[in-house]
Amino acid sequence: MNTRSQTANRELMLQAREALKGRWGLAIGANIIYCVIIIAAQNIPKVGYGISIIIGAPLIVGVSGFFLCLARKQDAELAQIFDGIKNFWVCLGTYLLALIFVLLWSLLLIIPGIMAAYSYAMVYFILAENDSIGPLEAIAKSKEMMRGNRWKLFCLGLRFIGWGILCLLTLGIGFLWMLPYLYVSFARFYDDIKPDAEEIELTRTGQAIMT
C-alpha cells in the first residue's frame, strides 16, 4: 500500500526541530556513540571494512529506532542504539541485500542506482518497528512506501546541503547537530508516508474477502 507524503518538507524539518527541543544532548550523544563505533571498526587493519558492515547493520537499525522515538516525542534511551543486535541476522541480511541491489542497478547507470537507494531508504525504520519481518519483505515494503515519494525525499536531503557547508566551516563540529536534525527529519518523513494501522487492516480484510 502506497501513501503519498502530504506534509511540506519545511514543515517536516520544523517538526524535527520541535521534537529535538530539550533533547539535543541525547541526540548528539547517540550520534557520537554510533560514529565512534563505526570509525573504530573501519580502522581495524585489513578487516576494518567488513567489520564495520557487520557491526553497522544492526547499529543503523537501532539508531533508526532511537531517532524514530525522538521524532515521535517518545521516551528515547541511548541503549536503543544496540536494539538491532537482538535481530542481528535479519539486520545484516537486509543491509547486504539492499547494498547488492543498489550496486546491481548502478551497473546499468548511475541514475537507476540512486533511485534504488531511495527506494530502500525506509528499510531500517521498518526493521526498527517490526522485528518479525524478513529482509526481502522489509525491502519490498520500503519500495512500496517510497513509490511516488523518492523525489520528495531527495528534495528533503537537498535542504541540508547548506547546513552541511556551514558544518564544514566549523571544521566538522557542526555535524554533531546537523546529523540528528537530518535523521529526525527523515523519521518524520517515514511517519508521513507510513500507512496507518486502520488502513492496513482494511486492506487485509478486503484481500481476505477477495480470496
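Numbering starts at 1 and runs along the sequence shown.
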Are [X] and [Y] packed together at the side-chain level, in the sense that at least one heavy-atom pair is separated by less than 4.5 angstrom?
X	Y	result
Lys152	Arg4	no
Leu26	Leu70	yes
Leu153	Met122	yes
Phe66	Asp83	no
Arg17	Leu14	yes
Leu156	Met13	yes
Val90	Leu127	yes
Ile126	Met145	yes

For residues 88-107, pull every pair meeting side chain to side chain donor-acceptor pair (under 3.5 Å), keeping only residues two or more places apart or in separate chains. none

Side-chain atoms of residues 184-192: list all donor-acceptor pairs with protein atoms under 3.5 Å, sequence neighbours left out, distances to 0.1 Å.
residue : atom : partner : partner atom : Å
Ser185  : OG   : Tyr181  : O            : 2.8
Arg188  : NE   : Gln15   : OE1          : 2.9
Arg188  : NH2  : Gln15   : OE1          : 3.0
Tyr190  : OH   : Glu129  : OE1          : 2.6
Asp191  : OD1  : Arg72   : NE           : 3.3
Asp191  : OD1  : Arg72   : NH2          : 2.7
Asp191  : OD2  : Arg72   : NE           : 2.9
Asp192  : OD1  : Thr7    : OG1          : 2.8
Asp192  : OD2  : Ser5    : OG           : 2.5
Asp192  : OD2  : Gln6    : N            : 3.2
Asp192  : OD2  : Thr7    : N            : 3.1
Asp192  : OD2  : Thr7    : OG1          : 3.4

Kindly write out the residues that satisfy ring pair (Phe, Tyr, Trp, His ring centres under 6.0 Å) with Phe67, not counting sequence neighbours, or none if the list is empty. Tyr183

Test ring pair (Phe, Tyr, Trp, His ring centres under 6.0 Å) applied to Phe154 - qualifying residues, sequence neighbours left out: Tyr118, Trp151

What residues form a side-chain contact (heavy atoms from CB on, under 4.5 Å) with Ile161, not counting sequence neighbours? Leu158, Ile165

Quick one: list whatever passes side-chain contact (heavy atoms from CB on, under 4.5 Å) with Tyr49, sequence neighbours left out. Ser52, Ile53

Rounded to the nearest 0.5 Å, what separates atom CD1 in Ile139 from atom CD1 in Ile133? 10.0 Å

Got a second to check how far Phe101's CZ is from Leu96's CG, nearest 0.5 Å? 11.0 Å

With a 4.5 Å cut-off on side-chain heavy-atom distances among I, L, V, M, F, W and Y, is there a chain of contacts connecting [X] to [Y]?
X	Y	value
Met178	Leu171	no
Trp177	Leu169	no
Leu78	Ile37	yes

Under a 3.5 Å distance rule, please check whether Asn43 uses its side chain to pair with a backbone N or O of Ile39 as donor and acceptor. yes

Salt bridge (charged side-chain N to carboxylate O under 4.0 Å, His left out) evaluation trace for Glu18 with Lys21: CA-CA 5 Å; Glu18 289 177 349; Lys21 282 182 181 178; 5.4 Å; no

